Amino acid sequence: MPETETASGGQRRALSPQGPASPAAPPVPLLVNGYRDRRCGSLRNTDIGSEVRLAGWVAAKRDHGGLLFVDLRDPIGPDAYLPVTDWPQGDAAGAGTGPETLASTGAPAGTATDASLARGHHNARIVQLVCHPGAEAFETLSRLRAESVVSVTGRVVARPPETVNQKLATGSVEVEVSELEVLSSADVLPFSVERDSEVGEEARLTYRYLDMRRGPVAERLAKRALFAQVARTHLATRGFLEVQTPVLTASSPEGARDYLVPSRLYPGEFYALPQAPQQFKQLLMVSGIERYFQIAPCFRDEASRADRSPGEFYQIDMEMAFATQEDVFREVELLFSALVSNLTQKHAPTPYPRIKYADALARYGTDKPDTRFGLEVVDLTSKLGGRTELPMFAEAPAKRHAVRAVLAPGAAGRPRSWFDAFAETARASGATGSWLQLPPDGSERRGPLSRKLTDEEMDVLAAGAGASSGDAVLTCVGPSASASVPLGQVRSALGRELGLADPGLLAFCWIVDFPMFERNPETGAWDFSHNPFSMPQGGLKALEDNDPADIVAYQYDVVCNGLELSSGAVRNHLPEVMEKAFAIAGYSRDRVERSFPALWNAFRYGPPPHAGIAPGFDRLFMLLEDQPNLREVIAFPLAQNARDLLMGAPAPVTPEQLSELHLQIALPKKP
RNA sequence: GGACCUGUGGUGCAGCUCGGAGUGCACGCCGGCCUGUCAAGCCGGAGGCCGCGGGUUCAAAUCCCGUCAGGUCCGCCA
């Protein structure tokens with residue numbers, strides 16, 4: 001069947017950061033050919049009387065014997081966020097186009113305003129076909145299974161008033177089928193595409209194409225495409241050049257486990273897939289590129305989490321020459337604002353608050369705090385430490401322990417098991433947990449602390465935590481760096497249970513001043529605590545004069561709602577500073593040179609100062625879409641164990657392939 | 001590397017605590033009826049190695065051990 005591109009070019013204009021579906025954006029045309037000349041979901045009252053050709057999937061069949069209804073469903077297209085038209089010239093009469101932004105996408109005029117009718121959604125992609133027994137198509141159509149694909153010709157007719165369906169965008173009309181062509185027939189499906197039932201993860205991944213045909217995942221992919229376009233367009237207007245970097249590269253000694261690719265030409269040698277284009281982007285800075293970005297694939301052979309894909313993921317990798325930490329913060333806030341305003345109706349206050357790493361640990365017990373709500377951990381070391389009869393508090397200053405507390409609103413009446421669980425959590429992280437309950441009726445305070453503290457001390461504790469009747473105060477005593485951790489966990493749990501977080505808020509914040517080094521608890525040696533290429537604050541002098549424990553780096557994270565979205569840093573571009581930093585971490589100059597030959601050499605030839613960041617693309621999009629895990633925003637995700645249930649990867653290869661690569665398999669012996 | 005949750009006709013679930021015949025629900029599937037449905041309705045039917053292996057027991061979907069698969073978390077992720 002010939003396919004005719006009837007639109008003039010059919011191109012979309014680049015999206016402006018201000019609005020993808022702004023009036024300036026031309027509507028997306030339909031390919032008009034032998035398959036169809038209209039989209040199912042586009043038919044309206046104004047089409048009554050016209051003859052149309054439609055194609056799509058048989059979504060549902062209602063066979064009355066003497067009368068047959070079929071719901072025909074469009075494919076999922078860019079109409080999820082762009083205006084569409086069924087006419088080459090961009091005549092928008094039937095497609096409900098207009099100056100809508102995605103955030104305000106509403107129902108087409110003249111029908112129900114149900115949110116499920118929003119453009120691009122399931123009920124906006126359906127039209128009802130009607131077929132009478134006399135019609136030639138009747139027998140064939142009535143025998144077709146759901147999800148078969150057909151092309152039909154028919155006349156658009158008005159539905160009898162009492163049968164108008166408010167749930168469909170096309171609900172006031174139907175199409176009387178005169179001709180039917182079966183384009184493909186479907187076998188019985190492993191699960192229903194049309195019904196809104198839960199399907200197990202295994203079945204969804206194995207039949208991912210059917211899972212996507214159900215709607216939500218594919219609609220999200222359409223939105224993900226918009227996300228990428230907004231990011232690209234925005235960064236381009238900010239002067240960032242999109243540069244692609246190799247996927248086959250060298251293994252780097254730092255970081256996660258590498259995925260290795262054996263070399264055929266060089267027996268016994270391997271490429272590695274990049275964990276991130278970190279060294280390449282720094283080399284681009286040395287190359288004289290002013291601003292670089294890339295939606296970069298990253299590969300890490302590490303265990304997965306709901307917010308961490310196994311195997312591979314994408315970063316919006318960015319780097320700028322002659323830039324400071326402030327410049328990076330501003331560019332990221334501008335980029336995120338463009339993404340948030342184009343893709344969501346959430347609010348994301350700027351500038352993002354900045355929290356020192358050490359403060360984040362103290363106030364939230366984590367370096368990725370959810371700052372949408374309060375309940376911050378308070379430090380009562382100076383008020384209660386050393387002053388009470390209770391040994392735990394009394395001895396804290398001498399042991400250099402911190403006394404910390406968090407408010408548990410309305411928790412006075414919680415069961416003993418809840419408090420015990422907290423105490424156990426505290427013990428597991430090497431601290432001592434206790435608590436005080438303030439009964440709602442104002443009666444005698446209860447809990448272990450009530451037995452050892454004076455009334456005045458309890459007042460200090462309650463006031464310090466901001467507790468009143470009905471609340472509880474949880475306390476934790478331990479080393480300063482870890483005393484807040486169990487309290488932070490309780491804080492997060494309380495936030496969830498009590499619904500303290502505004503779901504419409506994206507509370508971004510910067511975590512700054514990460515320590516440069518940390519002691520390896522086993523060897524006592526100094527390790528890089530994060531990125532070894534970060535510039536220490538104070539430069540060479542700080543490295544020479546200060547205790548490594550006190551050196552902080554120009555190293556930062558951007559965090560939102562308790563999710564870490566990215567790490568970044570002002571890079572260390574000075575070989576002598578790098579040499580010293582690596583020396584503290586126990587690397588000889590020789591070893592640095594051997595480990596990072598390209599950077600080491602490049603930095604001898606005039607590297608500009610530079611800084612950058614690499615926000616996680618999938619994770620940021622998952623956050624904006626309120627999705628609980630990354631599989632919901634990825635077309636073909638691996639299962640948790642890094643298996644591809646659809647394609648069957650990984651899989652053994654032939655002996656010939658192995659031999660060509662000079663590889664032998666030595667499986668571990670079974671016990 | 002470790003912990004926990006889940007696994008029951010094609011799909012989703014109940015049954016498992018307290019062992020007693022594969023018992024049940026919703027959907028799907030097959031056949032029949034049906035001219036205004038909207039995930040149509042009504043009648044009938046088929047479909048099961050209760051993930052797999054071992055153990056305890058007179059008897060195991062149910063209890064125990066192991067294992068596989070899916071998920072969540074800890075470690076890990078410079």
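Quick caveat: nothing in here was measured; it's all calculated off a predicted structure. Any value given below was found using the heavy atoms of this structure, including those in side chains, with hydrogens, waters and symmetry copies removed.
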Exercise for the section: Ignoring hydrogens and angles, answer whether the base of B/C77 and the side-chain atoms of A/Arg300 contain a donor-acceptor pair closer than 3.5 Å. Expected result: no

Problem - Gap between atom CH2 of A/Trp57 and atom CZ of A/Arg73 - 0.5 Å precision - result: 7.0 Å

Problem - Distance-only donor-acceptor test (3.5 Å): side chain A/Arg631, base B/G71 - result: no

Exercise for the section: Take atom C1' in B/G75 and the same atom in B/A3, then report the distance between them in whole Å. Expected result: 11 Å

Fill in the blank from the handout: So CD of A/Gln128 and CG of A/Asp71: to nearest 0.5 Å the spacing works out to 6.0 Å

Practice task
Could you let me know what B/G20 is paired to, Watson-Crick or G-U wobble, both distances under 3.5 Å, or none if it's on its own?
Solution key: B/C58

Practice task
In whole angstrom, give me the gap between the C1' atoms of B/G51 and B/G9.
Solution key: 14 Å

Problem - Member of A/Met320, A/Lys281, A/His573 meeting the side chain to side chain contact (heavy atoms under 4.5 Å, CB included) criterion with A/His610 - result: A/His573

Handout entry: Polar pair under 3.5 Å, donor/acceptor by atom type, side chain A/Arg62, base B/U35
Key = no

Exercise for the section: Check whether any side-chain N or O of A/Gln128 sits under 4.0 Å from OP1 or OP2 of B/U37, and answer yes or no. Expected result: no

Completion exercise
The reported gap from CD in A/Gln279 to CG in A/Leu284 (rounded to nearest 0.5 angstrom) is 12.0 Å

Short N/O separations, protein against nucleotides 9-17 of chain B, under 3.5 angstrom:
unit_1, atom_1, unit_2, atom_2, d
B/G10, O2', A/Pro190, O, 2.8
B/U11, O4', A/Pro190, O, 3.4
B/G12, OP1, A/Gly200, N, 2.8

Exercise for the section: Please give the nucleotide sitting opposite B/G47 as a Watson-Crick or G-U wobble pair, both distances under 3.5 Å, or none. Expected result: none

Fill in the blank from the handout: The residue among A/Thr140, A/Leu68, A/Leu180, A/Val152 that forms side chain to side chain contact (heavy atoms under 4.5 Å, CB included) with A/Cys131 is A/Leu68

Practice task
Kindly say whether, by distance alone, the side chain of A/Arg308 makes a donor-acceptor pair under 3.5 Å with the base of B/C73?
Solution key: no

Handout entry: Verify stack between A/His64 ring and B/A40 base, 5.5 Å, 30 degrees
Key = yes

Problem - B/G66 pairs with, by Watson-Crick or G-U criteria that keep both distances under 3.5 Å - result: B/C52

Practice task
Taking the side chain as every heavy atom from C-beta outward, state whether A/Pro75 and A/Arg39 have any atom pair closer than 4.5 Å.
Solution key: no

Problem - Partner nucleotide, any strand, of B/A26 [Watson-Crick/G-U, under 3.5 Å] - result: B/U11

Exercise for the section: Return the value, rounded to whole Å, for the distance between atom CZ of A/Arg257 and atom C1' of B/G75. Expected result: 11 Å

Handout entry: With A/Glu579 via salt bridge (charged side-chain N to carboxylate O under 4.0 Å, His left out) - residues at least two apart
Key = A/Arg589

Practice task
Using a heavy-atom cut-off of under 4.0 Å over every strand shown, decide if A/Gln275 touches base, sugar-phosphate, or nothing.
Solution key: nothing

